[in-house]
K.L.:
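The structure under discussion is supplied below as C-alpha coordinates; questions concerning it will follow.
Below, all heavy atoms of this structure are taken into account, side chains as well, without hydrogens, waters or symmetry copies. Just so you know, ligand 1 is whichever comes first in the structure, and atom 1 is the first atom listed for that ligand.
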Amino acid sequence: MFESLKPVAMDPILGLMAAFRADDRTTKIDLGVGVYMNDQGHTPVMASVKEAEAQLMQLETTKSYQGIAGDPGYNQHMLELLFGPEHSILSSGRVKTIQAPGGSGALRVGAEVIQRARPESKLWVGVPTWPNHIPLLGSAGFEIKEYPYYDRDTKQINADAMMETLRQVPAGDMVLLHGCCHNPTGADLTHAQWDLIADLALERGFIPFIDTAYQGLGDGLDEDAYGLRMMADRLPELLVASSCSKNFGLYRERTGSITFIAENAKQADIVASQAMSVARQIYSMPPAHGALIVSLILGDAALRANWETELTEVRSRIQSMRTLLTDSIQNNAAGVDFSHVQQQKGMFSFLGLNTDQLDQLRNEFGIYIVSSSRVNLAGINSSNIGYLSSSILSVLK
Ligand SMILES: Cc1ncc(COP(=O)(O)O)c(C=O)c1O
(Lines give C-alpha, C1' and ligand atoms only; values in the text may rest on other atoms or scores of the structure.)
Protein backbone atom coordinates (compact mmCIF):
# COMPACT_ATOMS: atom_id res chain seq x y z
CA MET A 1 0.00 0.00 0.00
CA PHE A 2 2.60 2.57 1.06
CA GLU A 3 4.52 2.22 -2.22
CA SER A 4 2.00 4.68 -3.73
CA LEU A 5 3.08 7.46 -1.39
CA LYS A 6 5.50 10.19 -2.43
CA PRO A 7 7.73 11.83 0.16
CA VAL A 8 6.50 15.21 1.40
CA ALA A 9 8.97 18.10 1.17
CA MET A 10 10.16 19.31 4.55
CA ASP A 11 8.53 22.47 5.90
CA PRO A 12 11.00 25.26 4.88
CA ILE A 13 11.40 26.36 8.52
CA LEU A 14 12.21 22.79 9.63
CA GLY A 15 14.65 22.56 6.70
CA LEU A 16 16.31 25.77 7.85
CA MET A 17 16.54 24.41 11.42
CA ALA A 18 18.22 21.23 10.11
CA ALA A 19 20.71 23.30 8.08
CA PHE A 20 21.43 25.43 11.16
CA ARG A 21 22.12 22.34 13.30
CA ALA A 22 24.48 20.96 10.65
CA ASP A 23 26.44 24.25 10.43
CA ASP A 24 29.60 23.98 12.55
CA ARG A 25 30.45 27.70 12.67
CA THR A 26 30.48 28.84 16.30
CA THR A 27 29.23 32.28 15.29
CA LYS A 28 26.04 30.94 13.63
CA ILE A 29 22.73 32.57 14.58
CA ASP A 30 19.24 31.10 14.25
CA LEU A 31 16.59 33.76 13.64
CA GLY A 32 14.21 31.34 11.93
CA VAL A 33 12.66 29.14 14.58
CA GLY A 34 9.50 30.55 16.20
CA VAL A 35 10.16 30.08 19.92
CA TYR A 36 11.19 32.56 22.60
CA MET A 37 14.85 32.45 23.65
CA ASN A 38 16.47 34.22 26.57
CA ASP A 39 19.74 36.15 26.47
CA GLN A 40 21.62 32.83 26.70
CA GLY A 41 19.83 31.57 23.57
CA HIS A 42 17.81 29.07 25.62
CA THR A 43 14.03 28.46 25.67
CA PRO A 44 13.51 28.10 29.41
CA VAL A 45 10.64 26.66 31.43
CA MET A 46 9.10 29.64 33.25
CA ALA A 47 9.62 29.54 37.03
CA SER A 48 5.86 29.96 37.58
CA VAL A 49 5.26 26.95 35.34
CA LYS A 50 7.85 24.92 37.29
CA GLU A 51 6.15 25.88 40.54
CA ALA A 52 2.68 24.98 39.24
CA GLU A 53 4.07 21.68 37.95
CA ALA A 54 5.48 20.89 41.40
CA GLN A 55 2.07 21.63 42.95
CA LEU A 56 0.36 19.50 40.33
CA MET A 57 2.57 16.53 41.25
CA GLN A 58 1.13 16.73 44.76
CA LEU A 59 -2.46 17.56 43.82
CA GLU A 60 -3.08 15.19 40.96
CA THR A 61 -4.80 12.02 42.13
CA THR A 62 -5.72 10.41 38.81
CA LYS A 63 -4.71 10.15 35.19
CA SER A 64 -8.17 8.98 34.20
CA TYR A 65 -9.76 10.47 31.08
CA GLN A 66 -10.96 14.04 31.33
CA GLY A 67 -13.98 15.47 29.50
CA ILE A 68 -13.96 16.21 25.78
CA ALA A 69 -14.06 19.96 26.51
CA GLY A 70 -10.95 19.62 28.69
CA ASP A 71 -10.59 21.14 32.14
CA PRO A 72 -13.58 23.39 33.03
CA GLY A 73 -11.42 25.54 35.34
CA TYR A 74 -8.90 26.12 32.56
CA ASN A 75 -11.68 27.05 30.13
CA GLN A 76 -13.07 29.65 32.53
CA HIS A 77 -9.60 31.09 33.21
CA MET A 78 -8.93 31.33 29.46
CA LEU A 79 -12.21 33.18 28.94
CA GLU A 80 -11.23 35.69 31.62
CA LEU A 81 -7.70 36.05 30.26
CA LEU A 82 -8.95 36.68 26.74
CA PHE A 83 -11.86 39.00 27.46
CA GLY A 84 -11.01 40.36 30.93
CA PRO A 85 -13.01 39.21 33.98
CA GLU A 86 -15.47 42.13 33.77
CA HIS A 87 -16.42 41.79 30.10
CA SER A 88 -20.19 41.59 29.64
CA ILE A 89 -19.83 38.65 27.23
CA LEU A 90 -18.85 36.43 30.17
CA SER A 91 -22.29 36.65 31.78
CA SER A 92 -24.24 36.74 28.50
CA GLY A 93 -24.52 32.97 28.03
CA ARG A 94 -23.45 33.62 24.39
CA VAL A 95 -19.83 32.47 24.79
CA LYS A 96 -18.39 28.95 25.04
CA THR A 97 -14.74 27.94 25.31
CA ILE A 98 -13.34 24.46 24.97
CA GLN A 99 -9.77 23.36 25.55
CA ALA A 100 -7.88 22.33 22.42
CA PRO A 101 -4.46 20.83 21.60
CA GLY A 102 -2.54 24.09 21.15
CA GLY A 103 -3.53 27.05 19.01
CA SER A 104 -3.27 24.78 15.97
CA GLY A 105 -5.84 22.35 17.40
CA ALA A 106 -8.07 25.29 18.30
CA LEU A 107 -7.94 26.67 14.75
CA ARG A 108 -8.76 23.27 13.32
CA VAL A 109 -11.71 22.59 15.65
CA GLY A 110 -13.08 26.06 14.86
CA ALA A 111 -12.69 25.42 11.13
CA GLU A 112 -14.43 22.03 11.32
CA VAL A 113 -17.38 23.55 13.22
CA ILE A 114 -17.76 26.28 10.58
CA GLN A 115 -17.69 23.63 7.87
CA ARG A 116 -20.57 21.86 9.61
CA ALA A 117 -22.52 25.10 10.04
CA ARG A 118 -21.98 26.53 6.58
CA PRO A 119 -19.85 24.44 4.20
CA GLU A 120 -20.10 27.06 1.45
CA SER A 121 -18.32 29.68 3.62
CA LYS A 122 -14.97 30.81 2.28
CA LEU A 123 -12.07 31.78 4.50
CA TRP A 124 -10.29 35.09 3.83
CA VAL A 125 -6.69 35.28 4.98
CA GLY A 126 -4.30 38.24 4.92
CA VAL A 127 -1.24 38.23 2.65
CA PRO A 128 1.04 37.26 4.20
CA THR A 129 -0.13 35.13 7.07
CA TRP A 130 1.38 32.35 9.22
CA PRO A 131 2.15 29.83 6.44
CA ASN A 132 0.55 26.93 8.35
CA HIS A 133 -2.84 28.70 8.37
CA ILE A 134 -3.39 27.62 4.77
CA PRO A 135 -2.94 23.82 5.10
CA LEU A 136 -4.34 23.72 8.65
CA LEU A 137 -7.59 25.51 7.79
CA GLY A 138 -7.74 24.65 4.09
CA SER A 139 -7.67 20.92 4.80
CA ALA A 140 -10.81 21.33 6.91
CA GLY A 141 -12.46 22.00 3.55
CA PHE A 142 -12.34 25.77 3.16
CA GLU A 143 -11.83 27.53 -0.10
CA ILE A 144 -9.17 30.09 0.84
CA LYS A 145 -9.46 33.67 -0.43
CA GLU A 146 -6.90 36.42 0.17
CA TYR A 147 -6.98 40.03 1.27
CA PRO A 148 -3.92 42.33 1.07
CA TYR A 149 -2.33 42.96 4.47
CA TYR A 150 1.29 44.05 4.40
CA ASP A 151 3.01 46.27 1.86
CA ARG A 152 6.68 45.28 1.58
CA ASP A 153 7.59 48.61 -0.02
CA THR A 154 6.15 50.89 2.66
CA LYS A 155 6.80 48.26 5.40
CA GLN A 156 3.34 49.04 6.77
CA ILE A 157 -0.12 47.48 6.73
CA ASN A 158 -1.81 48.30 3.43
CA ALA A 159 -4.98 49.37 5.22
CA ASP A 160 -6.70 50.92 2.20
CA ALA A 161 -6.32 47.83 0.03
CA MET A 162 -7.24 45.56 2.96
CA MET A 163 -10.47 47.45 3.74
CA GLU A 164 -11.33 47.71 0.07
CA THR A 165 -11.19 43.91 -0.25
CA LEU A 166 -13.05 43.32 3.02
CA ARG A 167 -15.81 45.57 1.68
CA GLN A 168 -16.42 42.90 -0.99
CA VAL A 169 -16.53 39.87 1.36
CA PRO A 170 -19.94 38.18 1.11
CA ALA A 171 -22.17 37.58 4.15
CA GLY A 172 -21.42 34.30 5.92
CA ASP A 173 -17.74 34.13 4.88
CA MET A 174 -15.02 34.00 7.54
CA VAL A 175 -12.20 36.55 7.85
CA LEU A 176 -9.07 35.38 9.65
CA LEU A 177 -7.36 38.08 11.75
CA HIS A 178 -4.28 37.96 13.99
CA GLY A 179 -5.26 39.11 17.49
CA CYS A 180 -1.83 40.68 18.08
CA CYS A 181 1.88 40.25 17.25
CA HIS A 182 1.20 39.42 13.61
CA ASN A 183 3.17 36.41 12.40
CA PRO A 184 5.16 36.85 10.16
CA THR A 185 5.26 40.65 9.80
CA GLY A 186 4.99 42.03 13.35
CA ALA A 187 2.69 44.74 11.89
CA ASP A 188 -0.42 44.97 14.07
CA LEU A 189 -3.76 46.61 13.37
CA THR A 190 -4.37 49.94 15.10
CA HIS A 191 -7.47 50.34 17.28
CA ALA A 192 -9.06 52.44 14.53
CA GLN A 193 -8.41 49.69 11.97
CA TRP A 194 -9.93 47.06 14.29
CA ASP A 195 -12.98 49.29 14.72
CA LEU A 196 -13.32 49.70 10.98
CA ILE A 197 -13.16 45.93 10.41
CA ALA A 198 -15.94 45.49 13.01
CA ASP A 199 -18.01 48.10 11.12
CA LEU A 200 -17.45 46.18 7.88
CA ALA A 201 -18.31 42.84 9.54
CA LEU A 202 -21.62 44.32 10.70
CA GLU A 203 -22.30 45.94 7.35
CA ARG A 204 -21.34 42.95 5.20
CA GLY A 205 -22.26 40.09 7.54
CA PHE A 206 -18.89 38.30 7.50
CA ILE A 207 -17.62 36.62 10.67
CA PRO A 208 -14.14 37.30 12.08
CA PHE A 209 -12.05 34.31 13.17
CA ILE A 210 -9.34 35.74 15.43
CA ASP A 211 -6.13 33.77 15.95
CA THR A 212 -4.46 35.03 19.12
CA ALA A 213 -1.27 33.07 19.73
CA TYR A 214 0.83 35.81 21.40
CA GLN A 215 -1.33 37.56 24.01
CA GLY A 216 1.02 39.45 26.33
CA LEU A 217 4.03 39.51 24.00
CA GLY A 218 3.09 42.78 22.25
CA ASP A 219 2.03 45.62 24.54
CA GLY A 220 0.51 43.69 27.48
CA LEU A 221 -2.17 41.11 28.30
CA ASP A 222 -5.05 43.61 28.16
CA GLU A 223 -3.64 45.84 25.42
CA ASP A 224 -3.09 42.84 23.10
CA ALA A 225 -6.75 41.81 23.46
CA TYR A 226 -8.25 45.11 22.26
CA GLY A 227 -9.57 43.74 18.96
CA LEU A 228 -11.19 40.60 20.27
CA ARG A 229 -12.74 42.37 23.28
CA MET A 230 -14.19 45.12 21.11
CA MET A 231 -15.51 42.61 18.59
CA ALA A 232 -17.08 40.51 21.39
CA ASP A 233 -18.91 43.69 22.41
CA ARG A 234 -20.15 44.61 18.99
CA LEU A 235 -20.59 41.51 16.84
CA PRO A 236 -23.27 38.81 17.00
CA GLU A 237 -20.86 36.00 16.11
CA LEU A 238 -17.10 35.55 16.57
CA LEU A 239 -14.49 32.79 16.87
CA VAL A 240 -11.24 33.11 18.83
CA ALA A 241 -8.45 30.50 18.71
CA SER A 242 -5.88 31.00 21.44
CA SER A 243 -2.61 29.38 22.45
CA CYS A 244 -0.57 29.11 25.66
CA SER A 245 2.51 27.96 23.74
CA LYS A 246 4.26 31.34 23.76
CA ASN A 247 2.91 33.31 26.71
CA PHE A 248 3.30 30.37 29.13
CA GLY A 249 6.17 28.74 27.20
CA LEU A 250 4.14 25.51 27.06
CA TYR A 251 4.90 24.73 23.40
CA ARG A 252 5.16 20.95 23.64
CA GLU A 253 2.29 20.58 26.10
CA ARG A 254 -0.19 21.52 23.35
CA THR A 255 -2.33 23.92 25.34
CA GLY A 256 -4.90 26.09 23.61
CA SER A 257 -8.59 26.89 23.46
CA ILE A 258 -11.30 27.66 20.96
CA THR A 259 -13.99 30.19 21.87
CA PHE A 260 -17.29 30.63 20.07
CA ILE A 261 -19.58 33.61 20.47
CA ALA A 262 -23.09 32.98 19.15
CA GLU A 263 -26.13 35.19 18.78
CA ASN A 264 -27.82 33.72 21.85
CA ALA A 265 -27.26 31.21 24.65
CA LYS A 266 -29.20 28.43 22.92
CA GLN A 267 -27.03 28.67 19.81
CA ALA A 268 -23.88 28.86 21.93
CA ASP A 269 -24.81 25.55 23.62
CA ILE A 270 -25.39 23.94 20.24
CA VAL A 271 -22.06 25.23 18.86
CA ALA A 272 -20.23 23.87 21.93
CA SER A 273 -21.86 20.46 21.46
CA GLN A 274 -20.73 20.49 17.80
CA ALA A 275 -17.19 21.45 18.79
CA MET A 276 -17.07 18.57 21.25
CA SER A 277 -18.35 16.20 18.59
CA VAL A 278 -15.57 17.44 16.24
CA ALA A 279 -12.97 16.91 18.98
CA ARG A 280 -14.32 13.40 19.66
CA GLN A 281 -13.95 12.51 16.00
CA ILE A 282 -10.35 13.76 15.78
CA TYR A 283 -8.57 13.27 19.11
CA SER A 284 -11.27 12.58 21.75
CA MET A 285 -9.91 14.89 24.40
CA PRO A 286 -7.08 17.38 24.71
CA PRO A 287 -3.89 16.75 26.71
CA ALA A 288 -4.39 17.66 30.38
CA HIS A 289 -0.95 18.63 31.69
CA GLY A 290 -0.46 22.12 30.22
CA ALA A 291 -4.05 23.20 30.88
CA LEU A 292 -3.84 22.16 34.54
CA ILE A 293 -0.64 24.19 34.91
CA VAL A 294 -2.29 27.26 33.35
CA SER A 295 -5.34 26.79 35.54
CA LEU A 296 -3.18 26.62 38.68
CA ILE A 297 -1.24 29.74 37.70
CA LEU A 298 -4.26 31.84 36.75
CA GLY A 299 -6.21 30.68 39.81
CA ASP A 300 -3.55 31.61 42.37
CA ALA A 301 -2.77 35.30 43.00
CA ALA A 302 0.91 34.76 43.85
CA LEU A 303 1.63 32.37 40.98
CA ARG A 304 -0.21 34.64 38.59
CA ALA A 305 1.79 37.68 39.71
CA ASN A 306 5.03 35.72 39.17
CA TRP A 307 3.91 34.61 35.73
CA GLU A 308 2.96 38.16 34.74
CA THR A 309 6.39 39.38 35.88
CA GLU A 310 8.08 36.69 33.78
CA LEU A 311 5.89 37.53 30.79
CA THR A 312 6.77 41.20 31.17
CA GLU A 313 10.46 40.23 31.12
CA VAL A 314 9.92 38.28 27.90
CA ARG A 315 8.11 41.21 26.30
CA SER A 316 10.71 43.75 27.46
CA ARG A 317 13.59 41.62 26.25
CA ILE A 318 12.07 41.34 22.79
CA GLN A 319 11.39 45.09 22.70
CA SER A 320 14.95 45.87 23.77
CA MET A 321 16.30 43.60 21.00
CA ARG A 322 14.16 45.57 18.52
CA THR A 323 15.71 48.82 19.72
CA LEU A 324 19.23 47.40 19.74
CA LEU A 325 18.96 46.04 16.20
CA THR A 326 17.31 49.19 14.82
CA ASP A 327 19.89 51.48 16.44
CA SER A 328 22.91 49.40 15.52
CA ILE A 329 21.84 49.34 11.84
CA GLN A 330 20.63 52.94 11.56
CA ASN A 331 23.58 54.42 13.44
CA ASN A 332 26.08 52.68 11.20
CA ALA A 333 24.58 52.93 7.74
CA ALA A 334 23.62 56.30 6.35
CA GLY A 335 20.21 56.31 4.72
CA VAL A 336 19.09 52.86 5.95
CA ASP A 337 15.68 53.00 7.63
CA PHE A 338 15.01 50.13 10.05
CA SER A 339 12.40 52.04 12.06
CA HIS A 340 9.70 49.51 11.07
CA VAL A 341 11.53 46.91 13.20
CA GLN A 342 11.29 49.22 16.20
CA GLN A 343 7.57 49.86 15.67
CA GLN A 344 6.45 46.26 15.09
CA LYS A 345 5.11 44.02 17.84
CA GLY A 346 5.75 40.55 19.18
CA MET A 347 8.42 38.04 18.35
CA PHE A 348 8.62 38.63 14.59
CA SER A 349 9.51 41.27 12.03
CA PHE A 350 10.09 41.37 8.33
CA LEU A 351 13.58 42.82 7.92
CA GLY A 352 12.90 43.71 4.30
CA LEU A 353 16.05 42.01 2.94
CA ASN A 354 15.97 40.38 -0.50
CA THR A 355 16.74 36.74 -1.36
CA ASP A 356 20.34 37.47 -2.37
CA GLN A 357 21.00 39.28 0.89
CA LEU A 358 19.42 36.42 2.89
CA ASP A 359 21.49 33.84 0.99
CA GLN A 360 24.63 35.86 1.64
CA LEU A 361 23.81 36.11 5.35
CA ARG A 362 23.40 32.36 5.53
CA ASN A 363 26.31 31.28 3.35
CA GLU A 364 28.93 33.83 4.38
CA PHE A 365 27.93 34.55 7.96
CA GLY A 366 25.92 31.52 9.18
CA ILE A 367 22.86 33.67 9.91
CA TYR A 368 19.66 31.73 9.28
CA ILE A 369 16.54 33.70 8.31
CA VAL A 370 13.46 32.33 6.50
CA SER A 371 13.00 33.35 2.87
CA SER A 372 10.28 35.92 3.63
CA SER A 373 12.98 37.77 5.66
CA ARG A 374 10.98 37.16 8.84
CA VAL A 375 13.24 37.21 11.87
CA ASN A 376 12.58 36.00 15.40
CA LEU A 377 13.82 38.94 17.49
CA ALA A 378 14.22 36.61 20.47
CA GLY A 379 17.07 34.90 18.61
CA ILE A 380 19.12 38.08 19.17
CA ASN A 381 21.11 38.41 22.39
CA SER A 382 23.89 40.48 23.91
CA SER A 383 26.53 38.03 22.63
CA ASN A 384 25.44 37.94 18.98
CA ILE A 385 24.05 41.45 18.31
CA GLY A 386 27.43 42.92 17.29
CA TYR A 387 28.14 40.12 14.80
CA LEU A 388 24.55 40.17 13.52
CA SER A 389 24.41 43.89 12.86
CA SER A 390 27.86 44.02 11.22
CA SER A 391 26.83 41.08 8.98
CA ILE A 392 23.54 42.78 8.02
CA LEU A 393 25.42 46.02 7.34
CA SER A 394 27.82 44.21 5.01
CA VAL A 395 24.99 42.66 2.94
CA LEU A 396 23.22 46.04 2.79
CA LYS A 397 26.27 47.64 1.16
C1 LIG B 1 -0.13 32.93 14.24
C2 LIG B 1 -0.05 31.59 14.91
N3 LIG B 1 -1.17 30.91 15.15
C4 LIG B 1 -1.16 29.72 15.74
C5 LIG B 1 0.02 29.13 16.12
C6 LIG B 1 -0.03 27.75 16.72
O7 LIG B 1 0.38 27.66 18.00
P8 LIG B 1 0.50 26.27 18.75
O9 LIG B 1 1.94 25.94 18.79
O10 LIG B 1 -0.10 26.53 20.08
O11 LIG B 1 -0.28 25.26 17.97
C12 LIG B 1 1.23 29.79 15.88
C13 LIG B 1 2.51 29.16 16.24
O14 LIG B 1 3.56 29.51 15.84
C15 LIG B 1 1.19 31.05 15.27
O16 LIG B 1 2.30 31.73 15.02
K.L.:
Heavy atom to atom 1 (C) of ligand 1, shortest distance: which of Asp211, Thr212, Leu250 holds it?
P.N.:
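Among Asp211, Thr212, Leu250, the closest heavy atom to atom 1 (C) of ligand 1 belongs to Asp211.
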K.L.:
For the residue pair Gln344 and His182, confirm or rule out a side-chain donor-acceptor distance under 3.5 Å.
P.N.:
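No, no side-chain donor-acceptor pair sits under 3.5 Å.
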K.L.:
Within the 4.0 Å heavy-atom shell around Gly102, which atoms of ligand 1 are there?
P.N.:
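Those qualifying, in numeric order: 10 (O), 11 (O).
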K.L.:
Please determine, by modelled atom types, if Arg152 and Ser373 share a side-chain donor-acceptor pair under 3.5 angstrom.
P.N.:
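No donor-acceptor contact under 3.5 Å links the two side chains.
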K.L.:
Which one of Arg322, His340, Lys155 satisfies the side chain to side chain donor-acceptor pair (under 3.5 Å) criterion with Ser349?
P.N.:
Arg322
K.L.:
Would you find a donor on one side and an acceptor on the other, under 3.5 Å apart, between the side chain of Lys96 and the backbone of Ala262?
P.N.:
no
K.L.:
Which one holds for Ala213 and ligand 1: side chain close, backbone close, both close, or neither close, with close meaning a heavy atom under 4.0 Å?
P.N.:
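It is the side chain that gets close, since no backbone atom is under 4.0 Å.
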K.L.:
Give the single entry among Gly290, Cys180, Ser245, Gly34 that approaches atom 10 (O) of ligand 1 most closely by any heavy atom.
P.N.:
Ser245
K.L.:
Which of the atoms in ligand 1, numbered in the order shown and given with their element, are less than 4.0 Å from a heavy-atom of Arg254?
P.N.:
8 (P), 9 (O), 10 (O), 11 (O)
K.L.:
Distance alone, cut at 3.5 Å: any donor-acceptor contact between the side chains of Ser257 and Ser242?
P.N.:
yes
K.L.:
Quick one: do the Tyr226 and Asp195 side chains pair a donor with an acceptor below 3.5 Å?
P.N.:
yes
K.L.:
Can you sort out which atoms of ligand 1 are near Lys246, meaning under 4.0 Å from one of its heavy atoms?
P.N.:
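Ligand 1 atoms under the 4.0 Å threshold to Lys246: 13 (C), 14 (O).
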K.L.:
To the nearest 0.5 Å, what is the distance between CG (Asp173) and CG (Leu166)?
P.N.:
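The CG atom of Asp173 sits 11.0 Å away from the CG atom of Leu166.
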K.L.:
Go through ligand 1 atom by atom and flag the ones less than 4.0 Å from a non-hydrogen atom of Ser243.
P.N.:
7 (O), 8 (P), 10 (O)
K.L.:
Evaluate Gly103 for polar contact with ligand 1, using N/O atom pairs at a separation under 3.5 Å.
P.N.:
yes
K.L.:
Minimum distance, heavy atoms only, to atom 16 (O) of ligand 1: which one of Tyr214, Phe348, Tyr251 is it?
P.N.:
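Going through Tyr214, Phe348, Tyr251 one by one, Tyr214 has the nearest heavy atom to atom 16 (O) of ligand 1.
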K.L.:
With heavy-atom distances below 4.0 Å as the criterion, list the atoms of ligand 1 near Ser104.
P.N.:
6 (C), 8 (P), 11 (O)
